[in-house]
Amino acid sequence: MPEQSSPLELAEGDPFGPHHLPYGVFSTADRPGERRVGVRIGGHVLDAGAAAHALGSPYAQLLAQPDLMALFAAGRTAWSDVRRALTAWVTVPAHRADIEPLLHPVDSVTLHLPYRVADYVDFYASEHHATNVGRIFRPDGDALTPNWKHLPIGYHGRAGTVVVSGTDVVRPAGQRKAPADPAPVFGPSVKLDIEAEVGFVVGVGSEQGRPVPLADFRDHVFGLSLLNDWSARDIQAWEYVPLGPFLGKSFATSVAAWVTPLEALDAARTAPPARDLPLLPYLDDADEEEPGGFDLRLSVAINGQVVSEPPFSTMYWTAAQQLAQMTVNGASLRSGDLYGSGTISGAEPAQRGSLLELTWNGRDPLELPEGKRTFLEDGDTVTLAAWAPGPDGTRVGLGEVTGRIVPAA
Ligand SMILES: O=C(O)/C=C/C(=O)CC(=O)CC(=O)O
Ligand SMILES: [Ca+2]
Ligand SMILES: [Mg+2]
């Protein structure tokens, strides 16, 4: 009889190999009400709490949980220790007999939002995106606002409407008024869009009154996942003056089910673009030990057709600068805070991270197999994917974030 191959023997180049080990929360059909912490390895999810128990690990307390909050709060040293233990559990042959029964095929489980989103903030950190949007929304002014290269611009979003990948998105309704219209009208958005982003998740909070310096980024941020900041451009364009995005973006934000720990992305760290203007000391990262950028290569697909490939390495502002900005006034962080990078657009047209830019506000429709697209139609499914260089020539494949548009309520 041929030997049964182990689910732990992965094909070379598997983006979910032992160099990655992202965290999520899952349930199984036989115990549907029971949420458990899972770690993705290849095409399987390891029940991490059960594995810790089976192996008599001191981390059972952190992992036998319904979400990632306990692990988040445990802090950076624990994050490294747990990761080291997990690496051993999925690679040391002596553990196989204990581990294999605790693996579930990823397609057989339900994945849940893996943490309680505390606050949600979204930034505006791509120079190419901000320039394009400025040209479209404010054709008579400068594309970039005077503050843009002095501070990472952001706004507070709605934490309670962050949903896990795979959740349907109901088309929002609201007011819209084009400049030439005599009066606003109410109805389902006719300019429903995506924004390809990366979301950073805070593990350890901070004390109110104490800003978090650039160098403390890794003490607070646990990891990242892909994020789609769904945006209704018609609602947004009418409502946003002078306080910024509100109902045009608060109806849903989708995040991937898998959180990639920062440590899995050490080989992807890269310098951000050269800074054009001197920065105030709290944002000046010229002398930071670690480069602030991440070499993540995204793709945006509509109904399976790739329409764009945004490069995260082109982001002007880094996640560490955004964290410093968010706290420089003394605002505190909490476990589970989520902040979006801002839409990722590269210099090339085929690298733009929104339909607003890809179609230039509907002027230049995309040609899809099912017909022309300006903005999203009911039934469309959008999927963001990404990979990054890992250690020793490997690839880290971020968990996808996907969502389907369903008709307005
Ligand atoms: O410049 C504007 O008026 C609007 C900008 C956006 O819609 C972008 C936004 O949400 C921030 C981002 O994702 O970069
Ligand atoms: Ca956004
Ligand atoms: Mg949103």
Side-chain angles (χ1 to χ4, degrees), residues 117 119-149 151-159 161-163 169 172 174 176-179 189 191-200 224-255 272-273 296 298 300 308 310-312 314-319 321-322 325-326 338-346 351-362 375-376 382 384 401 403:
V117 180
D119 283 297
Y120 168 52
V121 162
D122 191 28
F123 283 94
Y124 192 39
S126 159
E127 181 172 4
H128 303 294
H129 170 71
T131 302
N132 290 334
V133 175
R135 287 198 181 122
I136 293 167
F137 276 175
R138 296 173 285 278
D140 302 328
D142 289 333
L144 290 184
T145 50
N147 55 357
W148 202 91
K149 288 197 171 167
L151 55 81
I153 297 175
Y155 69 94
H156 282 93
R158 193 161 189 89
T161 54
V162 176
V163 296
V169 172
R176 61 174 182 273
K177 181 192 164 311
S189 170
K191 289 191 174 181
L192 183 53
D193 198 357
I194 56 153
E195 288 189 333
E197 303 197 24
V198 169
F200 291 83
L224 58 78
S225 50
L226 289 170
L227 181 151
N228 185 348
D229 179 24
W230 306 96
S231 297
R233 300 303 180 189
D234 42 359
I235 298 172
Q236 178 186 355
W238 168 232
E239 75 174 359
Y240 86 106
V241 183
L243 290 187
F246 186 39
L247 302 177
K249 287 168 180 282
S250 66
F251 56 95
T253 304
S254 297
V255 289
L296 311 175
L298 280 76
V300 179
S308 174
F312 191 76
T314 59
M315 298 297 271
Y316 193 85
W317 295 105
T318 70
Q321 288 172 319
Q322 292 172 332
Q325 180 68 18
M326 234 189 303
L338 170 67
Y339 63 103
S341 59
T343 310
I344 305 155
S345 291
Q351 298 179 326
R352 293 172 177 165
S354 68
L355 289 171
L356 176 71
E357 298 163 86
L358 286 164
T359 70
W360 214 255
N361 203 14
F375 291 94
L376 296 173
V382 180
L384 310 182
V401 60

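We count ligands from 1, going down the list as the structure has it; atoms in each ligand are counted the same way.
- Residues Y120 and D229 form a side-chain contact, since some pair of their non-hydrogen atoms from C-beta on lies under 4.5 Å apart.
- Comment: E195 engages R233 in a salt bridge, judged by a side-chain N to carboxylate O separation of less than 4.0 angstrom.
- The line from CZ of R135 to CG of D140 is 13.5 Å long, rounded to the nearest 0.5 Å.
- Taking atom 7 (O) of ligand 1 as the reference point, the nearest protein heavy-atom neighbour is Q236 NE2, 2.6 Å.
- Nearest to atom 5 (C) of ligand 1 by heavy atom, out of Y124, F123, W148, is Y124.
- Between Y240 and K249 the shortest side-chain heavy-atom distance does not fall below 4.5 Å.
- Annotation for ligand 1: atoms under 4.0 Å from non-hydrogen atoms of F137 are 3 (O).
- Put simply, the side chain of E239 gets close to the backbone of L247: a donor and an acceptor are under 3.5 Å apart.
- Closest protein heavy atom to atom 3 (O) of ligand 1: R138 NH1, 3.0 Å.
- How far CG of D193 is from CG of L376: 6.5 Å, rounded to the nearest 0.5 Å.
- Interface atoms of ligand 1 facing T343, defined by a heavy-atom separation under 4.0 Å, are 12 (C), 13 (O), 14 (O).
- Listed by number with element, the atoms of ligand 1 under 4.0 angstrom from any heavy atom of Y240 are 3 (O).
- Formation of a donor-acceptor pair under 3.5 Å by the Q322 side chain with backbone atoms of Y339 is not found in this model.
- Set against the non-hydrogen atoms of H129, the atoms of ligand 1 under 4.0 Å away are 8 (C), 12 (C), 14 (O).
- Residues D234 and S189 bring a donor and an acceptor atom of their side chains to less than 3.5 Å of each other.
- Two residues are said to be in side-chain contact when any heavy atoms from C-beta on lie closer than 4.5 Å; L358 and V300 fail this criterion.
- Remark: minimum distance from atom 10 (O) of ligand 1 to any protein heavy atom is reached at K249 NZ, 2.6 Å.
- Residues V198 and L226 form a side-chain contact, since some pair of their non-hydrogen atoms from C-beta on lies under 4.5 Å apart.
- Atoms of ligand 1 found under 4.0 Å from any heavy atom of E197 (numbered from 1 in listed order, with element): 13 (O).
- Around the Ca ion (ligand 2), the protein contributes the following N, O or S atoms under 3.0 Å, ordered by chain and number: D122 OD2, E195 OE1, E197 OE2, D229 OD2.
- The contact set between ligand 1 and V133, taken as ligand atoms under 4.0 Å from a residue heavy atom, comprises 1 (O), 2 (C), 4 (C), 5 (C).
- With a heavy-atom cut-off of 4.0 Å, M315 does not touch ligand 1 at all.
- Side-chain atoms of S126 come within 3.5 Å of backbone N or O of S345 as a donor-acceptor pair.
- Expressed to the nearest 0.5 Å, how far CG of L356 lies from CG of N132 amounts to 8.5 Å.
- Listed by atom number, the atoms of ligand 1 under 4.0 Å from R233 heavy atoms are 7 (O).
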